[in-house]
**Student:** 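Handing you a structure now.
Just so you know, these numbers use all the heavy atoms, side chains as well, and skip hydrogens, waters and symmetry mates.
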Amino acid sequence: MVKNLNEKKVISELKILAKLIKKHNIHYHQNDKPIISDKDYDDLVRKNNKLENDYPHLILKESPNSFVGSQPLNKFSKISHKEPMLSLANAFNQEDIKDFISRINKYLNNFKYDKEFICEPKIDGLSLNLTYIDGKLKYACTRGDGKIGEDVTQNILHIENIPKILISHFPKYIEIRGEVYLSKKDFLNLNNKLSTKEKFSNPRNAAAGSLRQLNAEITKRRPLKFIAHGIGYSSKKYLTISEFYNDLKLWNLLPNNLTKKFSTLDEIIKYHEILERKRSSIEYDMDGLVIKINNFEIQNRLGTVGKNPRWAIALKFSAEKTQTLIKSVDFQVGRTGAITPVARLEEVNLGGVLINNATLHNFDEINKKNIGVGDLVQIQRAGDVIPQVTKLIEKSKKSINQIQPPKNCPVCNSPAIKEKDEAVLRCTNNTNCYAQKLGQIIHFISKKSFNIDGFGEKQAKQFMDLKFIDNVVDIFQINQFRKEIIKLEGWGDLSYNNLINSIEKSKDVTLEKFIFSLGIRYVGETISSILANEFISIKNFISSINKADLLSNVDGLGPKAVNSIKSYFSSKQNLDLVSKLSAIVKIEKVKSSSTKGFFSNKKIVFTGTLVSLSRDEAKHKAKIKGAKILSNISKNTDYVVIGENAGSKASAAKKLRLNILNEKEFLIKINE
């Protein structure tokens, strides 16, 4: 209730300011035609913010601070990429690059292709996808999970080297990928203006934090820059990256000026060494060299492995190293029960980041390196990898030489065992260990799983400790604790409602993400995708577990993953959990292949050596055409493709009177 005339006047003024700011946001952000100067606009925003600070109880629902430009501020909306944004596999030395090139040649079956590689610095920034339609910037979004990113369009409009309009020779539709970053100089200037609590640890975090500001005015004041380095979907078909980069220059969307073109391994390694020596003098942080095949036709042939392209790799720079003392050793328990020894260190600055702990991997590594508490050790950190202790520098006279593995879980006190053929010690209490349950919940709510905004490790631990949740099913019943949650420090009606909305939105989930979210050992993103495409629905997947050979016959599924899946579903508790989740959430079935062709929805087995293409490429071509690839022959196999020197599978196919194709016949059919 308004208490006096002065407050009525404030509300009236806030309403006028809200209307004006909204109007000018539309002129600027949607129409690209501002009708007042930046200074006049900033004055309106400052006036509104002062009133809101002075009268917080009078803030309007339509407050300009509830919006970014012309978009709601409470969270970023989601945008699907037309082509997935892939992530690069890493290489660390010359041998890794040799293997990378060797794998390409093997996959292409030594096909004589133009061995031309584009090499450019791997900028340590935030990936961004720009969508231009008819030459106009329509959307800008982050990588997200590779398929769906966050809409940050309003936040990038002030980045000077992102044009709003492409000039001449532009495709009707194009996705341009690149990196948003802060220069080292701008990072230092920014941090100098921030309080100790607000300071960023490195330029990459500063760029990410600046881009993802809910208040676009904050982003506007940050000197972000953009460098283009890739292409998603394009209505114009390019022959090479070089050709695409020429168009980028035409549009003033400049690629990296340190980009080079090489044809030999020696040239690539030499350039990597040159960049590593020069990295400190370059204006931005970079952590390696990106190497990618120039020819798009060869890229398309090679395709992807999981979320990594076969045609590109990042050769990282040497890990940054320093020395420090081990003060103590703790034991951490992960979601799969793995007990990892972690060294607590005397704090040291490593690559601009303050480090006070590092992983010791496992107890075999501790014994091998002869590491004890009190010792001087070398630690290293490469990119975003967790710091690790690499070697002993000097033993302390007071060193406790033997860091003994615990006999019991340090969290729940259950027996700890070392499984056969594993170096890892594990807690045997898979169902009721606090650390494992917390780890499973954190995995479940993460970006790659259910991706619940506003629900992270901190909230998961808080809710578990308060007994609001005990497992992942409880997340969807958290609303019964509304009264308790809104009274907690840092919470309130708004943040609670945002969380509930995020949980509701997360209920629509793909089968691939659902399987991944269960946290089954050896079942990562790639295996989850294989299982989803194979079994189409969660019902089919679960019913396949106990059917002989169904799992082991899935191409790309190894024995460790098969045994782990069977072990997971042998637990009644896990079966009940999956059943309850399936009743709460909507798991999208994988759509059957709409590809019309000879092999659509057919089960195929390959055996023997193919001549004109590798077996891997043949499988890839068949999958694109909607086929299912099996490892073993059965009476349900539709076709067996037989190459040279085929063995028992060929004999079994003839015995079962299955449809048999030779390589030439397969190639004819695949192109129908």
Side-chain angles (χ1 to χ4, degrees), residues 61-63 65-68 70-81 139 141-153 212 214 437-519 525 528 532 537-539 576-591:
K61 283 185 179 178
E62 63 271 25
S63 163
N65 286 321
S66 298
F67 296 83
V68 174
S70 56
Q71 297 292 329
L73 259 182
N74 58 345
K75 70 172 67 174
F76 294 104
S77 57
K78 301 289 193 287
I79 293 181
S80 296
H81 309 306
Y139 307 113
C141 60
T142 60
R143 179 198 300 277
D145 64 2
K147 294 178 181 176
I148 299 173
E150 291 178 316
D151 182 355
V152 290
T153 310
R212 299 186 73 256
L214 290 177
K437 288 200 289 185
L438 178 60
Q440 286 156 9
I441 289 170
I442 292 167
H443 175 78
F444 185 88
I445 60 183
S446 67
K447 185 180 286 187
K448 293 178 180 179
S449 298
F450 270 68
N451 191 19
I452 303 177
D453 287 340
F455 200 170
E457 184 174 345
K458 179 183 173 184
Q459 291 79 14
K461 190 174 189 310
Q462 184 180 35
F463 292 164
M464 267 197 79
D465 291 345
L466 291 167
K467 311 294 185 190
F468 296 168
I469 59 174
D470 186 60
N471 57 54
V472 296
V473 173
D474 294 341
I475 291 168
F476 299 99
Q477 297 158 359
I478 199 74
N479 56 354
Q480 64 185 300
F481 296 103
R482 179 187 177 278
K483 289 180 182 178
E484 293 88 342
I485 291 172
I486 61 174
K487 290 176 184 176
L488 296 173
E489 186 180 347
W491 288 87
D493 280 321
L494 181 62
S495 49
Y496 169 80
N497 289 335
N498 285 341
L499 174 65
I500 296 301
N501 289 337
S502 294
I503 291 171
E504 285 302 310
K505 281 189 176 181
S506 77
K507 286 183 179 179
D508 287 328
V509 66
T510 63
L511 178 58
E512 176 184 340
K513 284 199 168 193
F514 183 84
I515 293 171
F516 178 75
S517 75
L518 299 176
E525 290 179 89
S528 298
S537 73
I538 189 65
K539 185 179 177 182
D576 287 347
L577 181 138
V578 173
S579 176
K580 287 175 183 175
L581 283 174
S582 301
I584 294 169
V585 304
K586 181 184 176 184
I587 306 169
E588 296 173 23
K589 285 185 179 181
V590 177
K591 292 177 182 176

**Student:** Evaluate salt bridge (charged side-chain N to carboxylate O under 4.0 Å, His left out) for Asp474 paired with Lys437, printing each intermediate quantity in order.
**Tutor:** CA-CA 12 Å; Asp474 294 341; Lys437 288 200 289 185; over 6 Å; no
**Student:** CD1 of Ile500 to CD1 of Ile478: how many Å apart, nearest 0.5 Å?
**Tutor:**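 Separation between the atoms: 7.0 Å.
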**Student:** So how far is it from Ser537 OG to Leu511 CG, rounded to the nearest 0.5 Å?
**Tutor:**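 Between atom OG of Ser537 and atom CG of Leu511 there are 7.0 Å.
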**Student:** Are the charged groups of Lys78 and Asp151 less than 4.0 angstrom apart, N to O?
**Tutor:**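 Not counted as a salt bridge, because no side-chain N and carboxylate O are separated by less than 4.0 Å.
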**Student:** Please round to the nearest 0.5 Å and tell me the distance separating atom OG of Ser446 and atom CG of Asp145.
**Tutor:**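 Between atom OG of Ser446 and atom CG of Asp145 there are 10.5 Å.
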**Student:** Roughly how far apart are Asp470 CG and Ile475 CD1, rounded to 0.5 Å?
**Tutor:**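 These two atoms lie 11.0 Å from each other.
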**Student:** Is the shortest heavy-atom distance from the side chain of Asn471 to the side chain of Ile441 under 4.5 Å?
**Tutor:**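 The answer is no, as the side chains (C-beta and beyond) never meet within the 4.5 Å cut-off.
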**Student:** Could you tell me whether a side-chain N or O of Ser80 sits under 3.5 Å from a main-chain N or O of Ile148, the two making a donor and an acceptor?
**Tutor:**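 Looks like no, no N/O pair under 3.5 Å.
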**Student:** Step by step, would you call Gln462 with Glu457 a side chain to side chain contact (heavy atoms under 4.5 Å, CB included)?
**Tutor:** CA-CA 9 Å; Gln462 184 180 35; Glu457 184 174 345; over 6 Å; no
**Student:** Check step by step if side chain to side chain contact (heavy atoms under 4.5 Å, CB included) holds for Leu466 and Leu488.
**Tutor:** CA-CA 11 Å; Leu466 291 167; Leu488 296 173; 3.8 Å; yes
**Student:** Measure the spacing between CG of Asn497 and OG of Ser502 and express it to the nearest 0.5 Å.
**Tutor:**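 Going from CG on Asn497 over to OG on Ser502, the span is 10.5 Å.
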**Student:** Given the rule in the side chain to side chain contact (heavy atoms under 4.5 Å, CB included) test, do Ile515 and Glu525 qualify, once you have shown the distances and angles that lead to the verdict?
**Tutor:** CA-CA 9 Å; Ile515 293 171; Glu525 290 179 89; over 6 Å; no
**Student:** CG/Leu494 to CD1/Ile486 distance, rounded to the nearest 0.5 angstrom?
**Tutor:**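 Nearest 0.5 Å value for the CG-CD1 distance: 12.0 Å.
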**Student:** May I ask you to decide if the ring planes of Phe476 and Phe444 are parallel, tilted or perpendicular, using 30° and 60° as cut-offs?
**Tutor:**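 Phe476 and Phe444: perpendicular rings.
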**Student:** Classify the ring geometry of Phe463 against Phe468: parallel below 30°, tilted from 30° to 60°, perpendicular beyond 60°.
**Tutor:**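 Because their plane-to-plane angle lies in the 30° to 60° range, the rings of Phe463 and Phe468 count as tilted.
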**Student:** Answer whether the closest heavy-atom distance between the side chains of Phe450 and Lys513 falls below 4.5 Å.
**Tutor:**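 SC-SC contact between Phe450 and Lys513 ruled out.
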**Student:** Determine, step by step, whether Lys147 and Glu512 satisfy the salt bridge (charged side-chain N to carboxylate O under 4.0 Å, His left out) criterion, reporting the C-alpha distance in whole Å, the side-chain angles of both residues, the deciding distance to 0.1 Å, and the verdict.
**Tutor:** CA-CA 12 Å; Lys147 294 178 181 176; Glu512 176 184 340; 3.1 Å; yes
**Student:** What pairs meet the side chain to side chain donor-acceptor pair (under 3.5 Å) rule with one or both residues in residues 580-590, with sequence neighbours excluded?
**Tutor:**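 Residue pairs with at least one partner in residues 580-590: there are none.
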**Student:** Looking only at heavy atoms, what is the nearest atom pair of Arg143 and His81, with distance?
**Tutor:**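 So the minimum-distance heavy-atom pair works out to O-NE2, 3.1 Å.
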**Student:** Where is the tightest heavy-atom contact between Ile445 and Ala460, given as atom of each residue plus distance?
**Tutor:**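 Closest approach of Ile445 to Ala460, heavy atoms only: CD1-CB, 4.2 Å.
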**Student:** Is the closest side-chain heavy-atom distance between Gln459 and Trp491 below 4.5 Å?
**Tutor:**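 Side-chain contact under 4.5 Å: yes.
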**Student:** Of all heavy-atom pairs between Ser495 and Gly490, which one has the smallest distance, and what is that distance?
**Tutor:**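 Answer, listing the atom of Ser495 first, then Gly490: OG-O, 4.0 Å.
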**Student:** Ile587 pairs by side chain to side chain contact (heavy atoms under 4.5 Å, CB included) with which of Thr510, Leu581, Val509?
**Tutor:**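 Passing option: Val509.
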**Student:** Side chains of Leu577 and Val473, heavy atoms from C-beta outward: is any pair under 4.5 Å?
**Tutor:**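 When only atoms from C-beta onward are counted, Val473 and Leu577 do touch, with a gap below 4.5 Å.
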**Student:** For Lys507, is the NZ atom crowded, meaning more than 12 foreign heavy atoms sit under 6.0 Å from it?
**Tutor:**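 Yes, because the 6.0 Å sphere around NZ of Lys507 holds more than 12 heavy atoms from other groups.
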**Student:** Does Asn498 reach the main-chain N or O of Asn501 with its side chain, forming a donor-acceptor pair under 3.5 Å?
**Tutor:**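 Checked: no pair found.
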**Student:** With a sphere of 6.0 Å drawn around OH of Tyr139, does it hold more than 12 non-hydrogen atoms of other residues, nucleotides or ligands?
**Tutor:**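 At most 12 heavy atoms, drawn from other residues, nucleotides or ligands, come within 6.0 Å of this atom.
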**Student:** Step by step, would you call Ile485 with Gln480 a side chain to side chain contact (heavy atoms under 4.5 Å, CB included)?
**Tutor:** CA-CA 10 Å; Ile485 291 172; Gln480 64 185 300; over 6 Å; no
**Student:** Which heavy atom in Lys467 sits nearest to a heavy atom in Phe481, and how many Å separate them?
**Tutor:**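 Result for this residue pair: O-CZ, 4.2 Å.
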**Student:** Give a yes or no on whether the backbone of His443 and the side-chain of Ser449 come within a donor-acceptor separation of less than 3.5 Å.
**Tutor:**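 It does hold such a pair.
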